[in-house]
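What follows is a set of notes on a single structure, which appears directly below.
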Amino acid sequence: MILRIEDTDSTRFVSGAEQYIVDTFQWLGIDFDEGVHIPNEQGVLYRQSERKAIYKQYADALIESGKAYYAFDTPEELEVKRSEIPNFQYDATVRMQMKNSLTLSEEEVKNRMDKGEPYVVRMLIQAGEDVTVSDLICGEVVVNSSVLDDKVLWKSADQLPTYHLANIVDDYLMEISHVIRGSEWLPSAPLHVLLYRYLGWENEMPQFAHLPLLLKPEGNGKLSKRDGDRLGFPVFPLEWKDPHSGEISTGFREKGYFPQALINFLALLGWNPGTEQEMFSLSELVEIFSLERVSKSGAKFDFEKAKWLNHKYLQMKSNDELTDKFMDLLKEKQISAERLFVEKIVELIKERASFIEDLWEASAFFFLRPESYDEGVVKKRWKEDTPLHLTEIAQILQSVFPFQAKEAHTQVMKYIADKELNTGQIMNCLRLSLVGGAKGPDLFTIISLLGVKETVERIKIAIDTIKK
RNA sequence: GGUCAGUUCGUCUAGUGGUUAGGACUCAAGGUUUUCAUCCUUGCAACAGGGGUUCGAUUCCCCUACUGACUACCA
C-alpha cells in the first residue's frame with residue numbers, strides 16, 4: 001500500500017493537510033509500505049507536485065501521437081460559450097470552433113507558446129464509441145464517448161497535470177493493482193480507461209472498484225465535511241483546524257471513539273461478511289473483506305450504532321488501559337486521585353460507559369460531593385422521619401469496623417426490617433445523600449470506596465440541606 | 001437538461017423463482033437490580049409503484065417514481 005499525495009491543484013494547497021492524513025492513518029493503525037512519509041533509497045517521489053517532469057513527458061507523448069492537443073481558450077471565452085450553448089461541452093461537436101492546435105495553424109500555435117500564452121493540453125476524444133469500465137462492485141458500465149468531453153490533462157500555468165493524467169501515469173508507474181475510490185469517480189472512469197488505451201497500457205490497467213457514498217444522517221446527499229458540526233457529530237477522523245478560516249472541526253478521536261471501533265463501523269457501512277458477525281479486528285478485516293461483497297447503494301451514518309460499537313470496544317479494554325485514559329481525563333478536570341482508587345472505580349462502572357468521557361459522568365460523585373439533590377427523588381422518597389433513620393444508619397455503618405460491604409448491608413437491612421421500614425425508600429435516600437440522585441452502582445460498594453468517614457459526612461450534609 | 005448508478009424494517013444490512021423475508025442498532029414491554037445503567041427475554045417494524053415472464057415473483061425483464069453522483073484549467 002502506497003501513500004501518494006495527489007496535490008495537482010496548486011491553488012488549493014492547504015498547509016498541514018498532508019501531515020493530517022499521515023496522522024490519521026497512524027491513529028487508525030493502518031500502515032503503508034511506501035509513501036510520502038516513508039524514506040526510500042530509490043528517491044521515489046510521492047507528491048504529485050514534485051513529479052512534474054514525469055507528467056510533462058506523457059502529455060507531450062499524447063500530443064505527439066495525436067491523442068491530445070493544445071488549447072488556448074481563456075476561462076472567459078469558455079464562459080461565453082457555456083452561456084451561449086446550452087449543455088456546452090468541449091467535445092467533437094465544438095472543438096473545431098475553439099482556439100486550439102486543431103484549428104490554429106502550426107505557426108500560430110508556436111507563436112502563442114513562445115509568447116508564453118497560457119494553454120492546456122486536452123485529451124482528444126472520438127465521438128460515438130462505447131467505452132466499457134469493468135468494476136468489481138458495479139459490474140460492467142458502458143458509456144458512449146460522445147457524452148465525454150475533451151478533458152484538460154495538463155495546464156501550463158502551474159506546469160502540472162490534472163488528476164486524470166497524474167492518476168493514470170502514477171498508477172501505471174507505481175504498478176497499482178486496485179483503484180478503489182468513491183463512486184463520484186464512476187462518471188470519469190471511462191475517460192481513464194481511454195487514457196490507458198491512448199498510452200498503450202490497457203493490459204496493465206488496474207482493477208476498478210467504485211465504493212458507495214456515505215450519506216448524510218438526515219435527509220439525502222453525500223456526507224460533506226460541514227455536516228458534522230452542524231448536526232453534532234464528527235466527520236473528521238481527528239480534529240481539524242482549517243488554517244485559512246481558523247474553523248475547527250471535531251474529530252472522532254476527540255469525541256472518544258476508539259480507532260478500532262471506527263474502522264469496524266466504517267467497514268460495515270456498505271460491506272458485510274454474509275455471516276452474523278459484526279465485530280472485527282483490523283487483521284480479521286484484512287482476512288475476510290472482499291470487494292465483491294460491497295453493496296452498490298449509499299449508506300447513512302448511524303451514530304447510535306457507532307456509539308453502541310464503541311461501547312462494545314470499551315468493554316473489551318483492560319481496566320489498566322481504561323484507568324490510564326481516565327486518569328488523563330481526571331487530570332484535565334483538575335482532580336487528583338490515587339491510581340488504585342481510580343482503577344477500582346473504572347472496574348465498577350466501565351459497563352455503563354460508551355466513551356471514556358462517560359466514565360466521569362458515571363463516577364463524578366466519587367470525587368465530588370453532591371452539589372444538589374435530584375428533586376424528583378427527594379419528593380418521592382424523602383420523608384419526615386428520613387433524617388432520623390439516616391442518622392441511625394450512619395451509626396450502624398461506623399460500627400462496622402473494619403468496614404465490609406457485605407456486613408454493612410446485612411446490618412442495614414436488619415435495621416430496616418426491625419423498624420418495618422420501606423427498603424426502597426431508605427436505600428434511595430441513603431443513595432441520594434451520597435450520590436445526589438437515584439443512580440449508580442451498588443450502594444455498599446460505593447460506601448466502601450468512599451470510606452465510612454466521608455459517607456457519614458455526606459449523610460450529615462444531606463440532612464442539613466434537604467429540609468422539608 | 002444530459003449521462004451513469006441506486007431503491008428490503010426509522011437506520012446498517014442478509015437473503016431466495018416457492019422462506020413465518022433473517023440479523024444488528026434504535027424504540028417499546030417484561031425480567032434482573034433497593035436506584036440508574038448494563039445485561040437477559042419478548043415485541044414493533046421492510047421487499048418504492050405499475051406492467052410483464054412464470055404454476056408461482058421480493059428475487060428475472062420493461063416502464064414509472066424517487067434518490068444520488070457526475071456534468072471545472074477540483075480532486
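Being a predicted model, the structure only gives us computed values, none of them experimental. Below, chains carry the letters A, B, ... as their sequence lines are ordered, and counting in each starts from 1.
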If I pick the P atom on B:G43 and the same atom on B:A5, what distance separates them, to the nearest angstrom? 41 Å

Side chain to side chain donor-acceptor pair (under 3.5 Å) partners of A:T103, counting only residues at least two apart: A:N100

Verdict with reasoning, A:L165 to A:T8, per side-chain contact (heavy atoms from CB on, under 4.5 Å): CA-CA 10 Å; A:L165 212 220; A:T8 54; over 6 Å; no

For A:Y69 and A:D150, what are the C-alpha separation, side-chain angles and deciding distance, and is it a side-chain contact (heavy atoms from CB on, under 4.5 Å)? CA-CA 9 Å; A:Y69 57 92; A:D150 290 357; 2.5 Å; yes

Do the rings of A:F252 and A:F303 sit parallel, tilted or perpendicular, given the 30° and 60° boundaries? parallel

When you compare B:U59 with B:G1, how far apart are their P atoms, in angstrom units rounded to a whole number? 28 Å

Please say whether the positively charged group of A:R112, taken as NZ for Lys or CZ for Arg, lies over the ring of A:Y119, i.e. under 6.0 angstrom from the six-membered ring centre and within 45 degrees of the axis. no

Considering only the P atoms, how many Å lie between B:C44 and B:C63, rounded to the nearest integer? 38 Å

Roughly how far apart, to the nearest Å, are B:U67 and B:U11 at atom P? 15 Å

So if I take every side-chain heavy atom of A:K222 and compare against B:C70, B:G6, B:C4, which nucleotide ends up nearest? B:C70

Winner on side-chain proximity to A:E304, out of B:A75, B:U34, B:U26, is B:U26

From CG of A:L213 across to P of B:A75 the rounded distance in Å is 18 Å

Check whether any side-chain N or O of A:R293 sits under 4.0 Å from OP1 or OP2 of B:G15, and answer yes or no. yes

Of all the choices, B:C73, B:U34, B:U35, which nucleotide is nearest to the side chain of A:A438 once you look at every atom? B:U35

Base, sugar-phosphate alone, or nothing: which one does A:R181 contact when heavy atoms must sit under 4.0 Å apart? nothing

Please give the nucleotide sitting opposite B:C66 as a Watson-Crick or G-U wobble pair, both distances under 3.5 Å, or none. B:G6

Would you say A:R82 reaches B:C73's phosphate, i.e. side-chain N/O to OP1/OP2 under 4.0 Å? yes

Does A:I180 reach the side chain of A:I137, with side-chain heavy atoms less than 4.5 Å apart? no

Among B:C74, B:U13, B:G6, which nucleotide has an atom closest to any side-chain atom of A:S297? B:G6

Take A:F301 and A:F265, measure what ring pair (Phe, Tyr, Trp, His ring centres under 6.0 Å) needs, and give me the verdict at the end. CA-CA 9 Å; A:F301 254 94; A:F265 177 66; 5.6 Å; yes

A:D7 CG to B:C73 P: how many Å, rounded? 19 Å

Checking contacts here: which listed nucleotide (B:A14, B:U35, B:U34) is nearest the side-chain heavy atoms of A:N272? B:A14

N/O to N/O distances under 3.5 Å, protein versus nucleotides 9-11 of chain B:
none

Watson-Crick/G-U partner (both atom distances under 3.5 Å) of B:A28: B:U42

Start at the 5' end of RNA chain B and walk down; is the nucleotide closest to A:S156 or to A:V141 reached first? A:V141

